[in-house]
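Please read the structure below before turning to the comments.
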Amino acid sequence: MEEHKENIHGKDVNVKMSNGDEDDKLKPGSTICAKEVEDAPQASNSNFSHPVYKEIALANGHINRMSKEELRNKLSQLKLDTRGVKDVMKKRLKSHYKKQKLTQSAANEGQGDAYYDYICVVDFEATCEEDNPPDYPHEIIEFPMVLINTHTLEIVGTFQEYVKPELCPTLSDFCVKLTGITQEMVDAAKPFPVVLKRVVKWLEERELGTKYKYTFLTDGAWDMSKFLNIQCRVSQIRYPQFARKWINIRKSYGNFYKVPRTQTKLSTMLDKLGLEYEGRPHSGLDDSRNIARVALRMLQDGCQLRANEHMHAGQLLTIPSSAPLEGSPAPRWPGNRK
């Protein structure tokens, strides 16, 4: 549903940006070139005064002067992935040295990196028409989840249930062709409140939000801020607290690899990383798996994925990169609307 999400984005999703900017910037007065010290943390070392950043800057300067073949050879020597365009390989090598230097520095100073234990990728499929009016009531018809272990960098679980729509129980021909979800599939499915209870149970069984820190990840803002938001109103239930924050991978990818948002569609991200789409496009579970593959590659390249969007009072807000790293709360049934 990637292209269809693009069509609805900006029409009726209420977006309010916070005062923070998720793009890291070099502070005024620094004597180190911002290009040489890319993506430095915004914590206590945000002024780059620590000696480790000078070492990182020197390494980055050398990497910037390397040819594509030199980059590929160096990545191969380090047993790192050699796929992707030149800018991706440069970022991968810089991130390797940066992580190496910062890890060594943190160990010497008795510090450690805050990290989610798990990231749960969600990519809903919803009812749609070829030309949706601005007030079209999208209903979720597929609820997929793919669970990533950030420590082992593996997909460790999947969940998928089809959902029976209530307002428009008959799928349009366009929707069936786009998603591959047939009328028989949704007719045999349970309504959304039943499926959501199964989602909560699945997350609880994996001790997410209790024993392990986790968050959600989506391909854009629409899944949570629009589809889930609309569905909760249709089903007369409250918006779940555990889904109020998430990682918008398009923002994370654009900021990490320094590319414009026009180059952050799923197909483009996969292509730039040297990957091919696996499965059927617009299948919620297949889309989620491919989004997870992008997220895993970003983690391997040194990106510290973190929640960058959240819902508050029905509005979509940006979480600034300087905000504390927090996991999603333990999953709970949200209760019915009064």
Side-chain angles (χ1 to χ4, degrees), residues 18 20 22 24 39 41-43 112-124 143-159 196 199-229 232 239-256 264 266 269 284-285 287-312 315-334:
S18 69
E22 70 276 11
D24 295 334
D39 307 315
Q42 286 192 326
D113 289 335
Y115 224 112
Y116 302 113
D117 297 304
Y118 293 93
I119 293 175
C120 191
V121 180
V122 175
D123 193 80
F124 298 122
F143 199 134
M145 294 188 292
V146 172
L147 193 63
I148 295 171
N149 184 316
T150 63
H151 303 298
T152 64
L153 299 180
E154 296 176 314
I155 292 175
V156 294
T158 60
F159 173 97
L196 184 60
V199 167
V200 169
K201 182 179 179 182
W202 190 86
L203 296 170
E204 286 178 335
E205 288 173 348
R206 284 146 186 81
E207 300 181 277
L208 303 182
T210 50
K211 183 176 181 180
Y212 300 109
K213 183 182 292 186
Y214 80 110
T215 194
F216 289 93
L217 182 148
T218 63
D219 178 29
W222 318 276
D223 291 275
M224 299 302 195
S225 67
K226 185 175 181 68
F227 295 150
L228 184 57
N229 203 21
C232 287
Y239 190 98
Q241 288 287 338
F242 62 86
R244 288 189 181 275
K245 292 184 180 180
W246 63 88
I247 300 164
N248 179 340
I249 198 170
R250 295 195 180 199
K251 285 186 177 180
S252 300
Y253 181 95
N255 293 334
F256 184 67
T264 60
L266 177 56
M269 291 190 289
L285 186 58
D287 281 352
S288 297
R289 284 198 178 106
N290 283 280
I291 295 164
R293 292 171 64 219
V294 172
L296 286 170
R297 179 57 53 81
M298 292 177 67
L299 291 169
Q300 290 165 355
D301 284 353
C303 179
Q304 200 170 38
L305 291 169
R306 58 183 295 152
N308 52 23
E309 291 183 340
H310 71 123
M311 289 289 289
H312 178 71
Q315 289 188 318
L316 170 64
L317 304 177
T318 292
I319 301 175
S321 59
S322 57
L325 183 65
E326 297 179 348
S328 297
R332 296 286 185 271
W333 170 248

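Side chains included, hydrogens not; waters and symmetry mates left out as well; all remaining heavy atoms used. Keep in mind it's a predicted model, so treat the numbers as computed, not measured.
- At a threshold of 4.5 Å between non-hydrogen side-chain atoms, the residues Ser288 and Phe159 do not count as touching.
- Here the NE2 atom belonging to His310 is positioned 12.5 Å from the OG atom belonging to Ser328, to the nearest 0.5 angstrom.
- Using a 4.5 Å heavy-atom cutoff, the side chains of Met311 and Ser225 are in contact.
- With sequence neighbours excluded, the residues satisfying side-chain contact (heavy atoms from CB on, under 4.5 Å) with Arg206 are Leu147, Trp202, Leu208.
- Every residue was checked against the salt bridge (charged side-chain N to carboxylate O under 4.0 Å, His left out) condition with Arg306, not counting sequence neighbours, and none meets it.
- Under the rule for a side-chain contact (heavy atoms from CB on, under 4.5 Å), the partners of Ser252 that lie at least two apart in sequence or sit in another chain are Ile247, Met298, Leu305, Asn308.
- Contact detail for Tyr214 and Ala330: the closest heavy-atom pair is OH-C, 4.4 Å.
- With contacts defined as side-chain heavy-atom distances shorter than 4.5 Å, the pair Ile148/Tyr116 does not qualify.
- When side chains are defined from C-beta on, Val200 does not count as touching Pro240, because their heavy atoms never get closer than 4.5 Å.
- Between Trp222 and Phe124 there is no side-chain heavy-atom pair separated by less than 4.5 Å.
- Each of Thr218, Thr318, Asn248 was compared with Glu309 under the side chain to side chain donor-acceptor pair (under 3.5 Å) criterion, and only Asn248 meets it.
- Taken from CG in Asn229 to OH in Tyr239, the straight-line distance is 6.5 Å, to the nearest 0.5 Å.
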Given side chain to side chain contact (heavy atoms under 4.5 Å, CB included), test Phe256 with Asp301 step by step and report yes or no.
-> CA-CA 10 Å; Phe256 184 67; Asp301 284 353; 3.9 Å; yes

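- Take Arg297 and apply the side chain to side chain donor-acceptor pair (under 3.5 Å) test, not counting sequence neighbours, and it matches Asp81, Gln300.
- Listed by first then second residue, pairs satisfying salt bridge (Lys or Arg N to Asp or Glu O under 4.0 Å) with a partner in residues 322-332 read Glu204-Arg332, Lys245-Glu326, not counting sequence neighbours.
- Applying the side chain to side chain donor-acceptor pair (under 3.5 Å) rule to Asp117 yields the partners His151; only residues at least two apart in sequence or on another chain are considered.
- Closest heavy-atom contact between Arg244 and Trp246: O-CZ3, 3.4 Å.
- In this structure, the side chains of Leu296 and Ile155 come closer than 4.5 Å at one or more pairs of heavy atoms.
- Between Met145 atom CE and Leu203 atom CG the span is 4.5 Å, to the nearest 0.5 Å.
- Residue Asp123 forms a side chain to side chain contact (heavy atoms under 4.5 Å, CB included) with just one option from Val146, Asp287, Leu266, Leu217, and that option is Asp287.
- Atom OG1 of Thr264 sits about 11.0 Å away from atom NZ of Lys251, to the nearest 0.5 Å.
- Partners of Tyr118 by ring-ring contact (aromatic ring centres under 6.0 Å, His included), not counting sequence neighbours, listed by chain and number: Tyr212.
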